[in-house]
Visitor: 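Below are the structure tokens for one structure; questions will follow.
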Amino acid sequence: MAQGFLSAEGSLSAEGSLPAEGSLSAEGSDFTVVIPARFASSRLPGKPLADIAGKPMMQHVYERALASAARKVIIATDDERILKVAEGFGAEVCMTLPGHPSGTDRLQEVARIYGLKDDEIIVNVQGDEPLIPPSVINQVARNLQLSSEAGAATLSSPLTRVEQIFDPGIVKVVADARGYALYFSRAPIPWARDDFATEEKRVSADACFQRHIGIYAYRVGLLNHYVTWGVSPIESMESLEQLRLMWHGYRIHVAEAVATPPHGVDTEQDLLAVRALLAREQELDSPEPNETTVRA
């Protein structure tokens, strides 16, 4: 396990231990999943409705969220086209106001509409993550439930390739020994002084680089504070919303994900890759034609 990070099982030191990963108890399943879905997108307009293996992308996300231990799954949108399609496949939909500056603000409106209490937990599952494993939804909710000092929880996965570490499109996170985030950045953190000293940079076997996985669990009380704050200077510089929480002194729990979600759909190339992946899975799941079928 990389130093300063919780294991996939979520285990901590004796100072504050979390039980091993497993199925959630009835009490542990007391969280709500909200899937913000916007039609507008600068790189891929209308992507929640993009067809993947015969279903709109947000239906894949919704069905994976339903497979988690959440007591309720809600799609949050301000678009009538998304509302109509989502209701068509049986989803629960909450219509929100247009113009929210972020998905986090949209979450808070959903919490207010549903009358959720400050100590209740919402898991924000991005609407462009059609391959998200239900196990990571359970994990991030459970970790927040068991981390009383945190206002939010998120996940990470190891980074081992130099080009990924230096890619500003991949957000890195550093955490302390108890699994609380110290900082998130698009820059290579921590800076490996010796490994990066030469032109041919390398990554040591004992390096602790972690990629941030963009799934969050929030306590509703934190969301209620969040919408009253302005954009923080470090958030503006890095273009990372989570830094607003840290700027205001809130702790974010981080653990290595029990399963690494595939990359979300941001571009047309991402969409084509996900379509190809699901097409291959469907081919593998299809039964082999029997002799009678072939001869027919």
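Numbering starts at 1 and runs along the sequence shown.
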Visitor: Just jot down the side chain to side chain donor-acceptor pair (under 3.5 Å) partners of Gln108, sequence neighbours excluded, or say none.
Guide: Asn224

Visitor: Below 4.5 Å, heavy atoms only, C-beta onward: do Ser156 and His212 meet side chain to side chain?
Guide: no

Visitor: Would you please name every residue forming a ring pair (Phe, Tyr, Trp, His ring centres under 6.0 Å) with Tyr250, sequence neighbours left out?
Guide: Trp229

Visitor: Could you pull out all residues at least two apart from Arg81 that satisfy side chain to side chain donor-acceptor pair (under 3.5 Å)?
Guide: Asp79

Visitor: When you compare the side chain of Tyr183 with that of Leu243, does any pair of heavy atoms fall below 4.5 Å?
Guide: yes

Visitor: Is there a donor-acceptor contact under 3.5 Å from the side chain of Ser236 to the main chain of Pro233?
Guide: no

Visitor: Does a donor on one side chain sit under 3.5 Å from an acceptor on the other, for His248 and Ser232?
Guide: no

Visitor: Met237: what forms a side chain to side chain contact (heavy atoms under 4.5 Å, CB included) with it, not counting sequence neighbours?
Guide: none

Visitor: May I ask you to test the Asn138-Val123 pair for a side-chain heavy-atom distance under 4.5 Å?
Guide: no

Visitor: Keeping Lys172 on the side-chain end and Ile165 on the backbone end, is there a donor-acceptor pair under 3.5 Å?
Guide: yes

Visitor: Side chain to side chain contact (heavy atoms under 4.5 Å, CB included) with Val162: which residues, sequence neighbours excluded?
Guide: Phe166, Lys201, Val203

Visitor: Using side chain to side chain contact (heavy atoms under 4.5 Å, CB included) as the criterion, list what pairs up with Asp167, not counting sequence neighbours.
Guide: Ile170

Visitor: Calculate, to the nearest 0.5 Å, the distance between atoms CD1 and OG1 belonging to Ile113 and Thr96 respectively.
Guide: 7.0 Å

Visitor: Only one of Gln126, Gln242, Glu241 clears side chain to side chain donor-acceptor pair (under 3.5 Å) with Tyr216; which?
Guide: Gln242

Visitor: Among residues two or more places apart or on two chains, list those pairs meeting ring pair (Phe, Tyr, Trp, His ring centres under 6.0 Å) that have a residue in residues 116-151.
Guide: none

Visitor: Does anything in residues 64-96 form a ring pair (Phe, Tyr, Trp, His ring centres under 6.0 Å)? List the pairs, not counting sequence neighbours.
Guide: Tyr62-Phe89

Visitor: Taking only residues two or more places apart in sequence, or in another chain, which ones meet Ser239 in a side chain to side chain contact (heavy atoms under 4.5 Å, CB included)?
Guide: Arg186

Visitor: Taking Ile213's backbone N and O only, do any of them form a donor-acceptor pair with Thr154's side chain (distance below 3.5 Å, no angle check)?
Guide: yes

Visitor: Is it true that Asp266 and Lys47 have a side-chain N and a carboxylate O under 4.0 angstrom from each other?
Guide: yes

Visitor: Do the side chains of Asp128 and Met57 get nearer than 4.5 Å, heavy atoms only?
Guide: yes

Visitor: Could you check whether any side-chain N or O of His253 sits under 3.5 Å from a backbone N or O of Asn143, counting only pairs where one atom can act as donor and the other as acceptor?
Guide: no

Visitor: So do the side chains of Met95 and Thr77 get within less than 4.5 Å of each other, counting heavy atoms only?
Guide: yes

Visitor: Given side chains that start at C-beta, do those of Gln210 and Val254 come closer than 4.5 Å, heavy atoms only?
Guide: no

Visitor: Listed by chain and number, what are the side chain to side chain donor-acceptor pair (under 3.5 Å) partners of Ser68, not counting sequence neighbours?
Guide: none

Visitor: Pairs in or reaching into residues 212-240: which pass salt bridge (charged side-chain N to carboxylate O under 4.0 Å, His left out), with residues at least two apart or in two chains?
Guide: Glu235-Arg244

Visitor: With sequence neighbours left out, write down each residue that passes side chain to side chain donor-acceptor pair (under 3.5 Å) with Glu149, or none if nothing qualifies.
Guide: Arg178, Arg251

